[in-house]
Structures are given as structure tokens and as C-alpha cells.
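Worksheet for the structure shown next.
Just follow the structure's listing: the first ligand is 1, and inside any ligand the first atom is 1.
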Amino acid sequence: MATHPDKAPALVEGVRTGLSLAAWKRAFLDNLFFVQGRFQSVATPNDNYMALAYTVRDRLLERWIKTSLTYKAGQSRTVAYLSAEFLPGPNLGNNLVNLGAMQVVRQAMTEVGLDLDKLLEQEEEPGLGNGGLGRLAACYLDSLATLQIPAIGYGIRYEFGIFDQQLRDGWQVEVTDKWLSLGNPWEISRPEISYPVQLGGHTEPYRDEGGRFRVRWVPDRVVRGVAVDTPILGYGVPTANTLRLWKAEAAESFDFQAFNIGDYYRAVEKKIQSETLSKVLYPNDDLAAGKQLRLEQQYFFVSCALRDMIRILLQTETDVRGFARKYAVQLNDTHPALAVAELMRLLVDEHDLDWEPAWEITHATMGYTNHTLLPEALEKWPLALFNRVLPRHLEIIYEINRRFLGEVRARFPGDEALASRLSLIDESGPRHVRMAHLACVGSHRINGVARLHSELLARDVLRDFHRLAPERFTNVTNGITPRRFLLLCNPALAALIDEAVGPGWATNLHQLRELEGKADDPAFRARWRKIKRDNKVALAREVKARTGVELEPDALLDVQVKRLHEYKRQHLNLLHVLTQYLRIKADPKRPVVPRAVLFGGKAAPGYLMAKLIIKLCNNVADLVNGDPDVRGRLKVVFFPDYNVKNAQHILPAAELSEQISTAGKEASGTGNMKLALNGALTIGTLDGANIEIREEVGAENFFLFGLTVDEIRARRAAGYQPRRLYEEDPELRAVIDLLGSEAVSPGNRGRFRPLVDALLDHDEYMLLADYRAYVACQDQVAEAYQDQERWTRMSILNTARMGKFSSDRSVREYCETIWRVNAEPVTLDSPSSDG
Ligand code: 26Q
């Protein structure tokens, strides 16, 4: 039989890719020997992990290749999801789940004498993101593949991802993340797919042969971007999309030959300089720091992505004019907003289009998702810096701005204040380029990530843009993938759900509604409760191993896991802990509902207040856990190095989910969804997606407290004085005094002074204003927990009503309202395999 060129050799149900138990075993042993070069008897845990990873990867490749052939032949647009961050979590477990091979592989490993769970633990996760935004990008890739939507994720292959967090004496210490040190079996490097990226220099006007006015960019540096691909397998489908990350290398022909002949050492230095571009992820997720390297990173990946898209387009079309028909580009926040100017440059300078058609294409292609309401987090670049790195793009931005403000002035004659508020250039102080304005002007759709957030965008942050073009604004509430965040991380609960509602919920999460009927069944509740307890016991083992703290499995497990931020108010949670502590101390016989409060999250290395709050968590933990009066009733623990992998241990065990940001500050939150999906009840404010979660699960199954956005504003406007609250509420006063005392900081009573002062003097995030309501709400939580039947019922109903928050729903909304893309189903025996 003749083999078709598109059919990989021996892809038939052979050893190399078969899915039977025998095929998995044989293939694993083959890979251990032929790829890792080991006999079983001397294989290390990493050898075994690598061999299994390659065995799984072998089973993705045909799916991956078939997918790209299907897309090439298909008619749909392709989504290009541009994101400076992707936080996919460990690959092995997820791929096994999506392949439907978890069970058979567990069995195969057992039969070769290995424990699959140990192999899964071996994987170092790619920490190529800070938090919510990067994780959202990964959930969307999972959903896009599962929905069989042609899509490609473009980003940066950081050599060092988000730092590993260690604790020393209760302080966060950052350790570089060496996720690549043992090799990465999931990626495939594509050295033949690479683009030279220009930086710096100047521009020169000239006239081309046709007498047209043109601009030439003469850079002073060139860096090469090389594609590194990872397959993203959908759940239960053959589709495997691509995550294409760009790695920076030296552009040898440029530096080594043209400019550095005979200067070997300078050339080597240039090479190292070039490679620093994709060396490290910036670990701050708040203040836009204005660092040149960060701007270069953004331009680097955006330029590679767009040129890659044009290359792919020109494989099947003769002209770049089809760009907008072929692609929908989504800007994940403003980090890739340079795409607007870069696509204009490519179309006008390199592909000879006139400005107007180029602008039409750009505008029809781009969509912009905003993820923040904090004004200090809006990206802006000092003009001088921008000009130094991207002189041609600055000219293009000026031209976009000139035309845009021309339209504004025509529509609103005489309103110069409006024009200057809308301008892409901020001239209120030292001049800056406003990236959100560039993204808005260049996009046909602008969306927020939860209903309230989208409303506030239209009302405040992007008010003027909304006034100009309200029809461009829309909301897409975030979602999470139920595959990783239930099926994979909580297999016992997933199995119980399977039994109760049948299979299919993992791709149709609304099916979980059928659990509602079970909430009244005492036997079902008992099984639900037992699973939660088993998960708590398993987490307690991890916590003990990592911190030495012992958690009682019958205590209410109260969890706040997320990046450290003042607006997220981990310290409000600590005020409640200290309140509990003082109540117990005042009356050691008082009956209390035992509670374990678990914190986890990283602080940006330069964010001193956030780091101080971590130290405070640990000092409060020492005080509380070391006090015999509270033994068995209150525990506090800071779980180090919160990341996707650790989240998979914590989420299934959590019973109470702390979502307590100041109203109007958290764009959406997605941890809130992950915890509720795993049966935790939420204590939360009317912020971000909390509002929609509460709407779905029912007010009676949600612990609500705190001021609303409007109340917060009114309080501020009326002259908020936090010190008055301190003076008037004796319990609050005692708690704050304790916080500033020797008891919380032995030998250094001034340590938490900055925190206390911030609370008493400004209290920007209004902790004191919400304190009383929060503590009262926590009392209701404790009361509800005492009635385990009632609590379990609420827990089941939370899971049952989380259907809306599947990222499949979010992605469908993007497809319908923003991208206008359709599914392109992939078949394993597609026509391409027999000509
Ligand atoms: C910007 C400039 C320079 C350096 C770093 C950055 C930077 C990096 C990451 C700025 C912001 C981020 C990440 C933001 C983020 O994670 N936002 C969260 O996005 C989630 C997904 O939409 C929301 O659920 C959260 O509410 C939001 O805080």
C-alpha cells in the first residue's frame, strides 16, 4: 500500500501511537530507552516523566498535523490570540484528560511499576504569566481547541517565567524559575520559522519608483524571533491547535557580518544582548513600569506574530488584502496593542498598501480586551523612550492620531478638552503614548471581562471612547475550563458528578444543573461531604510537608489564593483572623466553629506593601498557631508558591472562597469561579464576576457583604475618615492595636507601622469601611457551617449552578460577537490522508 505524504509512517494502530493498554506500555518503555537513553532499572523520576510525556506527545502529533491541514483547506477565519502571557499549567495531566487516556495510562504505569501521580508531580509548569490574565489566555486556548475553532496563541517563550516564591522568616524571597532546566518535552522548536525584528535607529523619507512618498526605517539593531510551538489538544476531539511562542536569538547576518567583522567579542556581546529579549517575564501585574526591555518584548512578539500571519496567508492567497477575512486578532489587554501600529507599518511600508485600505483591514481585524480599572495600571510609554525604540511606529501613531482627532473635532467642534482626553498622546505632563487609546482606536470591538467591569469601562475609564462609538463596546464575562479545574484536579468529585448527571457535563457545563435535584438527597450529600473531606485530608498532607502546619480536616477551610494586592484586601481577611483570635483570647471557653485560613499568592518583587502583607500573614500564623488557647479552633497558613499546579491541590479542598476586593477594583476574578465550581461557598463583595456568580447560585447560597461601587464613591466624596471608624469601634481598635503590637511582631513592633498608618490615614481600599460588615458576614458563615447538611446543600447548589462560567461559553461569545469565526471539525481520517 502506498503511503500518502500526509500520513505519518506507521500511524496505524501501532506501538508508536496506539491507545490500547499494551501500546501505551510498550511505547513508554521504548521512549524511555530510545529517547531518554535509560534502562528502567536506572531511570530517574524525571526520566520516567519525560518518557511518558513523549509517549503522550507522540499521540498528539497526527492530530496536530491534521488540524493544520484542515484549517489550511477550510474557509473559516482564524483567531490569533495575542498575549504577552500564557499560564497553561502542567501539560501531562491535561493532555491525558483531553485524550481520554487517564485511566488506561494509570493502569499502564502501574503495570510497569510506576505511580502516575508521582510522574504528574514531576512536571515543572510553564509559568509564563503573572496570574489571571495569563491563565485566562490558557483557558481560552483549551476551549478554542475543544470547540474546534481555528486558532493560534501567540506570545513570548520566556526562559524564566514568574519567579518561584520561597519564604524565609515569613518574608517572600524570589527565586528564578528554571522551568527549562530538565528539558521541555511539549515544545517543538521551528528554526525555519523565524523573523528578523528591527529596533531603534531612525526613519528616512524617500520616493519610490512610482514617485510615491514612502518611509524607510533604518534600525540600529535586529533580533531574530524563532517560533517554538506547543500543541493544544481539545477535549474529546482530534483538534490540536498551536501555541506559538517566540524566542529571541541573535540575527547573525546583521550583527556578525555587516557590522562586526573581526570584532568577535563585541559580536558575542551582541548575541547575548539579543537573547535577553525573551529572557524573563516581568513579574509585576499592576504598575506599568515603563521599562525599555518590556516595550521591546511587546514589539518583538507582536511583530513576529503578524508577519507569521501574513506568511501563512500568502501560502494560499496572492495578496495581503485578504488579511481581515482570514484573521481575527484579539489583544489580551494593551500588552500587544502595538499590533495596531505594526500591522499598519507592514501593510503600508512593506506591502505597499495605501493608508485607507490598510486602516480598514487593521480596524476590521483587531479586538481589544481590557482587564483593569486601576488607572495606575493603564500602560503608557514615555515618548522619548518610545521614539528611541520604535521611531517608525511613533510616526504611524502620530498619523493615526491626526486622522482620529480630525474626526473628533469634526463631530465635536470646539471641544478641545475632549480631543486632548482622547488623544493617543498624553500631554498633561511629560508626554506619553497611551496604549489603551491606541488599542481602542484600532479595534472594531472593545470588551471588559465581567458585566460590572464593562459598565464601568463605559462609564469611567473609556467614557469618551464609549461616547464616540458605543456600538463597539461589549462585555464577555470570563470563564474557566472545567476540564483542568474540575475533571483533572478533582477526580473524585468529577466521578460523583458523572454518576449523578451522566457524562457530557465537561463540555456542556449547564448540565451540572441536574445536580440540583440531588442537593436534597441526604445520601448524596454525605458522599459529597466525604469527597470534600478526603480532599482536605490530602491538602493537609501537602500543607504539613511544605510548612509544618497541621490542618484539622474538620475545620472550615477558608481560602484566599490570588496575587497579593492591596485592592484584593488579604489584610481585611487578616483583620478578621485577629478578630477571631481576640474573641477566643477574651473567652477561651467560648464555642467557636473551628476554622483554618489558608492564604497563597505572589507579590510583585517591588511592591513593598504586598510583601509586608505576606510577612503579616506569617506572623499572624505564628501567633495564632502557637497559642495553646486557640488550639483546635483557629489555624492560619501561608501556602508558598501559589501557581497552577498548587491550585490543583488547593481548589478541591476549599470550603470558603474569599473574594473580598473593594467594589469596582477587580475586573472579574476567575479564582472565584474555580473555587465555586469545586463546591466552595463564596464570601464576597459586589465586584467583578462575583455579582454574576451570586446571580447564578442564588443570593441565599452566597455570603455577600460590603459597600457597592456607588456607596464607595459616595463615602469618598463625603470625606472618608478611617481613623474615626477606628476610634468608634472598640473591636476594630483592639485588632488594629494588636496588629501594631509586639505580639504580632516580636522584637520589632514598628514593623507593620506602614500598614497601620495606611489604614488609619487614607485607607485607599476602604478596609475599615467594610470591616464591620465583613466580620458580621463571617459570623453568618460560621453559623451556616455548623449545620453541615445545610452547608453541603449550598455547596452542591454552587457547583450545580456554575454552568455559565465555562470558558466554552466565553469563547462562543467571542466567536459570535467579535471574531465571527466558525468551527472547522477535524477528522482523523480526513480526505487528505488518502489523497
Ligand atoms: C504591564 C506592563 C509592564 C509589565 C507588566 C504589566 C502587566 C502584566 C500583567 C500588567 C497586568 C498584568 C496582569 C493583569 C491581570 O492578571 N489582570 C486580571 O485579569 C483577569 C482576567 O481577565 C481578571 O479576572 C482579573 O480581575 C484581573 O485583575
Over 60° means perpendicular and under 30° means parallel, so classify the ring planes of [Y] and [X], tilted if in between.
{"X": "F599", "Y": "F638", "value": "parallel"}
{"X": "Y140", "Y": "Y81", "value": "perpendicular"}
{"X": "W246", "Y": "Y154", "value": "parallel"}

Is the closest heavy-atom distance from R563 to ligand 1 below 4.0 Å?
no
Is the closest heavy atom of N478 to ligand 1 under 4.0 Å?
yes
Select the closest option to atom 3 (C) of ligand 1 among Q298, R294, K291, judged by heavy-atom distance.
R294
Taking both backbone and side-chain atoms of [X], is any N or O found less than 3.5 Å from an N or O belonging to ligand 1?
{"X": "L133", "result": "yes"}
{"X": "Y282", "result": "no"}
{"X": "E666", "result": "yes"}
{"X": "G669", "result": "yes"}

With a cut-off of 6.0 Å (strictly less than), are more than 12 heavy atoms of other residues, nucleotides or ligands near CD of E764?
no
salt_bridge(R716, D763) N-O dist < 4.0 Å:
no
Main chain of R421, side chain of R434: is a donor-acceptor contact present, judged purely on distance under 3.5 Å?
yes
Are the side chain of R484 and the backbone of P90 linked by a donor-acceptor contact shorter than 3.5 Å?
yes
Which one of V173, D177, T176 satisfies the side-chain contact (heavy atoms from CB on, under 4.5 Å) criterion with D164?
D177
Determine whether the side chain, the backbone, both or neither of N284 has a heavy atom under 4.0 Å from any heavy atom of ligand 1.
both
List every atom of ligand 1 that sits less than 4.0 Å from any heavy atom of [X], numbering the atoms from 1 in the order shown and giving each element.
{"X": "Y567", "value": "28 (O)"}
{"X": "H335", "value": "1 (C), 7 (C), 8 (C), 9 (C), 10 (C), 11 (C), 12 (C)"}
{"X": "E85", "value": "8 (C), 9 (C)"}
{"X": "A667", "value": "26 (O)"}

